[in-house]
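Note sheet for the following structure.
All ligand and atom numbering here is 1-based and tracks the order in the structure. Just the heavy atoms: all of them, side chains too, but no hydrogens, waters or symmetry mates, feed the values below. These figures come from a predicted structure and were not determined experimentally.
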Amino acid sequence: MTQPTTAQYYTDLPAAELIAQIDRLKQEKNAVILAHNYQIPEIQDLADFTGDSLGLSVEASKTDADLIVFCGVHFMAESAKILSPGKMVLLPHLGAGCSLADSITPESLDDWKQDYPDHTVVTYVNSTAEVKAESDICCTSANAVSVVRSLDNDKVLFTPDRNLGRWVAEQVPEKEVVIYDGACPTHDVLRAASVERTRDEFPEAVIIAHPECRQDVVEIAHEVCSTTGMLKAVEKYPDAKSFIIATENGMLHQLKARFPHQEFMAADGCIGCRLHCPYMKMTGLQDVYFSLLEQRFAIELDDEVIEGARRSLERMMAVPRDD
Ligand code: 13P
């Protein structure tokens with residue numbers, strides 16, 4: 001195997017050799033590779049663990065590796081750092097951000113909190129570490145309903161995703177849930193009319209939607225759940241031939257791999273166009289390779305931010321999953 005120099009930022013090593021080098025570096029550095037269900041197939045296949053935001057947080061908090069290479073987006077790698085502050089956490093591609101997380105800043109949360117001093121702040125993990133540190137508790141799409149139900153307070157501020165917030169408020173009508181006006185552009189773009197057009201071709205298909213989808217989409221879905229929840233949901237329909245999946249199209253890879261005898265379609269009827277998060281697709285094999293080789297890009301957070309954000313994340317992790 002050729003040993004590239006550290007000055008290189010590009011290598012023309014073929015994929016198979018890159019994977020072999022990644023494996024070697026992983027052993028050498030006692031690293032673990034975590035990947036979100038939306039990553040490109042090569043990265044999902046390479047990872048030691050692939051999952052949803054909650055599963056990845058749990059995995060990051062209990063790993064005994066020295067180095068965590070996080071193939072996802074920035075806020076996810078931050079959560080891993082918050083939960084394992086003594087470890088080095090690397091985000092292989094610095095451009096892998098999240099528009100939803102960027103839609104709320106500590107300042108805008110602070111302003112909002114002033115108007116609702118008696119409310120408990122529930123923050124979706126798709127947020128920065130600083131925003132988590134200013135929140136009372138976090139949630140993911142896998143436990144948002146249980147998190148809100150678990151609160152003693154009946155008044156809740158839910159941030160930043162308005163679609164998830166609305167879904168939670170519907171499930172927990174006994175609480176007053178005030179919702180921030182943020183959304184994930186990848187999910188928010190999907191309309192029921194597009195899903196129905198896909199369903200016209202497969203009238204028997206089971207529709208599974210992520211709660212970041214708009215209300216019209218969620219209303220026609222048979223199941224609404226997190227990305228890993230989708231894998232569990234499929235198991236409930238052993239006789240179903242086809243499924244329409246309303247979330248980022250990376251999810252299709254896990255579903256097809258786990259259930260090879262069933263058919264999975266992107267809800268917009270068009271793999272790779274609308275249900276496509278450009279940030280989730282930024283990380284390639286080369287990025288993971290250079291990340292391990294040069295220990296880049298390390299997540300750094302202030303101790304005070306880690307402490308505050310960790311409190312919110314740990315409270316969340318004490319609540320069981322919805323699914
Ligand atoms: P999950 O936690 O369901 O995987 O969702 C993560 C996400 O970022 C959705 O846009």
Item to complete: Mark up the atoms of ligand 1 that fall under 4.0 Å of a heavy atom belonging to S226, in ascending order.
Response: 3 (O)
Item to complete: Ignoring hydrogens and angles, tell me if any N or O in the side chain of S312 forms a donor-acceptor pair with the backbone of K132 under 3.5 Å.
Response: yes
Practice prompt. Under 4.0 Å from a heavy atom of S53: give me the atoms of ligand 1 that qualify, with their elements.
Written response: 1 (P), 2 (O), 4 (O), 5 (O), 6 (C)
Item to complete: Taking atom types as modelled, find out whether H210 and N163 have a side-chain donor-acceptor pair closer than 3.5 angstrom.
Response: no
Item to complete: Name the closest protein heavy atom to atom 8 (O) of ligand 1, giving the residue it belongs to and the distance to 0.1 Å.
Response: N126 ND2, 3.0 Å
Worksheet item: Which ligand 1 atoms, with their elements, are less than 4.0 angstrom from a heavy-atom of H187?
Response: 10 (O)
Discussion item. Which label fits Y38 and H187: parallel for a plane angle under 30°, tilted from 30 to 60°, or perpendicular past 60°?
Written reply: tilted
Worksheet item: Side-chain donor-acceptor pair under 3.5 Å between S146 and D322, yes or no?
Response: yes
Discussion item. Under 4.0 Å from a heavy atom of Y38: which atoms of ligand 1 are those, numbered in the order shown and with their elements?
Written reply: 7 (C), 9 (C), 10 (O)
Worksheet entry | N/O donor-acceptor pair under 3.5 Å between Q262 side chain and A240 backbone | yes
Item to complete: Apply side chain to side chain contact (heavy atoms under 4.5 Å, CB included) to R149 and list each qualifying residue two or more places apart in sequence or on a separate chain.
Response: V145, Q171, V172, E174
Discussion item. List ligand 1 atoms under 4.0 Å from E212, heavy atoms only on the residue side.
Written reply: 7 (C), 9 (C), 10 (O)
Worksheet item: Can you list the ligand 1 atoms lying under 4.0 Å from a non-hydrogen atom of H210?
Response: 1 (P), 3 (O), 5 (O), 9 (C)
Discussion item. I want to know if ligand 1 touches H36 in the polar sense, i.e. an N/O pair below 3.5 angstrom.
Written reply: yes
